[in-house]
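Data first, discussion second: the structure below is written as structure tokens.
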Protein chains: 2
Amino acid sequence: MTDVTLREVARASGCSVATVSRVLAGTRPVGAETARKVREAAEKLGYRPNQVARALRSRSTGTVGLVLPQITNPFFPSLVREVEHALHAEGRAVLLADCDDDPEVEAARIADLLDRQVDALLIIAVDERQSRDAVAKAAAHVPLVLLDRGCGPGIADLVTTDNATGMALVLDHLVSTGRRRICFVGAAGTGSAAVERLAAYEAETKALGLHGFGPVELGDFSLEWGRAAVDRILPSRPDAVVCANDLIAIGALQRLRQLGVDVPGDIAVTGFDDIPMADLADPALTTVRQPVRALAAEAVHLLGHRLAGQNDGPRRLVRLAPELVVRASSAPRASSAEDTRSTRTPEVEQ
Amino acid sequence: MTDVTLREVARASGCSVATVSRVLAGTRPVGAETARKVREAAEKLGYRPNQVARALRSRSTGTVGLVLPQITNPFFPSLVREVEHALHAEGRAVLLADCDDDPEVEAARIADLLDRQVDALLIIAVDERQSRDAVAKAAAHVPLVLLDRGCGPGIADLVTTDNATGMALVLDHLVSTGRRRICFVGAAGTGSAAVERLAAYEAETKALGLHGFGPVELGDFSLEWGRAAVDRILPSRPDAVVCANDLIAIGALQRLRQLGVDVPGDIAVTGFDDIPMADLADPALTTVRQPVRALAAEAVHLLGHRLAGQNDGPRRLVRLAPELVVRASSAPRASSAEDTRSTRTPEVEQ
DNA sequence: ATAGAGTGGGAAAACGTTCTCCGAGAATCT
DNA sequence: AGATTCTCGGAGAACGTTTTCCCACTCTAT
């Protein structure tokens with residue numbers, strides 16, 4: 001019932017605590033016979049090392065804090081999953097902190113995690129500006145990597161999706177399937193996703209010479225805004241609507257259907273992120289899939305690097321290229337959609 | 001830079017470590033003047049108690065392990081969120097373990113959490129049978145509450161949704177809006193959700209005297225099965241399809257639309273769980289909303305109870321009544337759906 | 001005056017590890 | 001043979017708290 005300690009294993013195997021620790025941790029060579037006796041005793045008593053004591057002594061808890069704005073944001077669960085797996089593969093555990101999209105809660109959670117002596121922090125920042133202070137302060141104490149959302153330059157390592165590439169993929173695709181009257185529905189925030197995707201859209205349309213057309217409407221990253229934006233955009237008779245994320249796109253899809261507009265016949269719609277719903281929308285949504293696994297792997301890798309080294313060296317900014325996922329919502333107008341759903345791609349499983 | 005300890009606060013305030021601990025923890029009355037000096041010094045040095053040391057000494061980490069099958073299952077994020085908030089409100093932190101739907105991984109994660117000295121475990125079991133051993137073993141060491149999914153009787157406290165009530169709500173609703181030729185698409189597994197929802201469906205249809213009709217098709221809890229099941233059910237010309245969860249229902253919706261069947265005109269469709277997608281489907285899905293916040297609160301409450309008491313006493317089984325959410329997919333046939341979406345209910349926010 | 005209770009404070013033991021010394025014996029070198 | 005290294009093992013300090021003693025002192029009641 002009560003836990004078995006090193007002392008008891010030592011007594012049972014007739015040697016010292018130090019020796020038992022050594023053979024179990026493999027930290028120094030130990031005589032074959034002694035080792036056997038120790039292992040035997042440990043086995044018999046069902047000894048399990050107390051990680052708290054180990055942490056106190058060795059000043060490392062083997063624990064990483066994962067701080068995010070809102071686990072219910074549909075893009076995060078898969079990211080959390082990958083991060084969790086990557087960390088567990090290194091024998092680390094994840095302390096989860098959901099911030100309810102509130103920077104003050106975020107600051108408090110970060111402080112709490114530091115008190116709990118996490119070895120490192122992985123943070124998806126709530127807000128570009130308002131998170132900065134807390135993040136910077138935390139980065140002074142412990143290796144810290146920002147994930148997905150930035151937080152000002154030079155604060156900490158950041159690994160994120162290359163929004164410019166993603167937007168370019170979308171626009172190339174639309175143009176190459178004959179769309180010309182393209183418009184953009186984005187978000188007005190100051191977050192990196194909002195800013196970068198808008199900037200990329202504008203740069204790319206210019207590069208492609210589509211600059212004549214192009215209403216741009218900015219709201220927020222929500223379904224409701226997607227629905228509302230359709231009404232503001234429709235009068236200019238576009239043949240494609242590029243949305244800054246999937247939620248906006250799905251909202252747009254809903255409103256367009258309601259108004260009897262044919263997608264993709266009259267208008268193509270694209271999203272960004274590839275959340276699970278994107279594949280389920282009707283028509284299934286063409287979108288940009290963030291390289292979730294690679295993002296997680298890279299972030300964990302960077303953490304490992306700082307944990308191994310002295311946690312100094314320059315801040316890194318890693319941008320990973322996303323992937324275009326073409327589905328029915330952007331099918332060429334020529335093919336008059338008998339079975340538009342066949343474009344659906346398989347799940348990201350494995 | 002390096003952390004401030006009790007010793008340093010003691011030295012700075014000219015008193016002993018014991019006294020500092022006492023005033024900061026408020027564990028014993030201490031002279032007013034001394035207390036002031038201590039607090040002042042602590043403040044000035046920026047002292048933060050080391051939770052690991054505290055945990056080692058007081059044999060309590062203030063940490064709870066949350067073990068779940070797959071964070072990407074769309075029903076879980078909101079549950080995780082509520083659990084996390086409820087626990088944090090008590091000053092506890094959450095150690096997250098995602099099991100990848102694998103009972104062996106689950107067992108390993110549970111063992112790891114126990115080594116990390118979690119004060120308690122909150123487990124959404126992967127499998128009714130295969131999780132039993134690991135859960136039972138863990139329950140012997142630490143307060144443990146099962147959430148959402150059971151794991152055999154008497155293993156541990158269990159708080160879950162009352163599937164029978166939920167199914168009754170659905171059937172009453174369908175019957176009272178004129179549906180009679182009702183059929184069921186469920187899952188064949190041995191998990192409590194699969195078994196209970198099927199049993200409840202059968203009991204309730206019998207009670208309502210609908211027993212003449214009623215094909216029942218069993219597959220799994222997936223979109224694909226929902227799509228496939230439609231083809232097997234359609235020949236019997238039902239006017240309502242009751243699905244064992246939302247994924248199945250959304251799959252069914254998709255296939256029905258593809259076949260040109262009018263929902264809800266020809267056939268009503270209902271789901272179970274109220275995952276975020278349910279509201280976004282077209283038509284929006286009538287479903288049973290699990291009382292997520294209450295589930296989390298009750299589970300945490302039970303944990304607290306066992307943490308306070310001696311972790312004995314009988315195992316409890318708490319069933320919470322869910323709520324029917326009527327949306328467009330089950331609108332009465334009479335009202336020939338001008339704007340079927342208006343039935344949509346607001347988000348669960350706040 | 002003296003015993004008894006009550007108060008404020010310190011010294012030091014514990015919690016379960018890891019790790020630094022240190023010593024005893026065996027093996028290797030000159 | 002004596003000096004040096006190596007190997008194996010133990011004693012005990014340390015990690016930063018909490019908590020148990022214990023002491024010194026001040027009140028109050030006899």
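Letters A, B, ... are given to chains in the order of the sequence lines, protein chains preceding strands, and every chain is numbered from 1. Model, not experiment: these values are computed from the prediction.
- Note on Arg59(A): only backbone sugar-phosphate atoms sit closer than 4.0 angstrom, heavy atoms only; bases stay farther off.
- Of the possible polar contacts, none joining the Asp101(A) side chain to the Gln70(A) backbone as a donor-acceptor pair under 3.5 Å is found.
- Asp127(A) contributes a side-chain N or O that, together with a main-chain N or O of Arg129(A), makes up a donor-acceptor pair within less than 3.5 Å.
- In this entry the distance linking CZ of Arg7(A) with P of dA14(C) reads 9 Å, nearest Å.
- Rounded to an integer number of Å, the gap from CZ of Arg28(A) to C1' of dT18(C) is 12 Å.
- Donor-acceptor pairing under 3.5 Å is recorded for the side chains of Asp119(B) and Ser60(B).
- Between Asp3(A) and Arg48(A), no side-chain nitrogen of the basic residue sits less than 4.0 Å from a carboxylate oxygen of the acidic one, so the salt-bridge criterion is not met.
- The distance from atom CG of Leu6(B) to atom C1' of dA12(C) is 15 Å, rounded to the nearest whole Å.
- In secondary-structure terms, DNA chain C builds stems of at least 3 consecutive Watson-Crick or G-U pairs, each pair having both distances under 3.5 Å, at C:1-3 with D:28-30, C:5-30 with D:1-26.
- Between Arg36(A) and Glu33(A), at least one side-chain N (NZ, or NE/NH1/NH2) sits under 4.0 Å from a carboxylate O, which counts as a salt bridge.
- The shortest distance between side-chain heavy atoms of Leu95(B) and Val64(B) does not fall below 4.5 Å.
- Side-chain nitrogen and oxygen atoms of Ser21(A) include at least one within less than 4.0 Å of the OP1 or OP2 phosphate oxygen of dT18(C).
- You'll find the side chain of Asp112(A) reaches within 4.5 Å of the side chain of His88(B), heavy atoms only.
- Within 4.0 Å of Thr5(A), counting heavy atoms only, lie sugar-phosphate atoms of the nucleic acid but no base atom.
- Taking 3.5 Å as the limit, the base of dT17(C) and the side chain of Arg54(A) contain no donor-acceptor pair of atoms between them.
- Atom-to-atom, CG of Leu24(A) to P of dT18(C) comes out at 8 Å; the value is rounded to the nearest Å.
- Arg116(B) has its CZ atom 18 Å from the P atom of dG16(C), to the nearest Å.
- Using a 4.0 Å cutoff to heavy atoms of chain B, the contacted part of DNA chain D runs 5' to 3' from dG16(D) to dC21(D).
- In this structure, the nucleotide among dG8(C), dT18(C), dC15(C) sitting nearest to the side chain of Leu56(B) is dC15(C).
- Between the Thr19(A) side chain and the Cys15(A) main chain, no donor and acceptor come within less than 3.5 Å of each other.
- If you take CZ of Arg11(B) and P of dA11(C), they are 14 Å apart, rounded to a whole angstrom.
- The base of dG16(C) does not come close enough to the side chain of Arg57(B) for any donor and acceptor atom to sit less than 3.5 Å apart.
- Comparing Thr27(A) and Val17(B) by the nucleotide of DNA chain C whose heavy atom lies nearest to each, the residue mapping closer to the 5' end is Val17(B).
- For Glu84(A) (side chain) and Asp98(B) (main-chain N/O), a donor-acceptor pair under 3.5 Å exists by modelled atom type.
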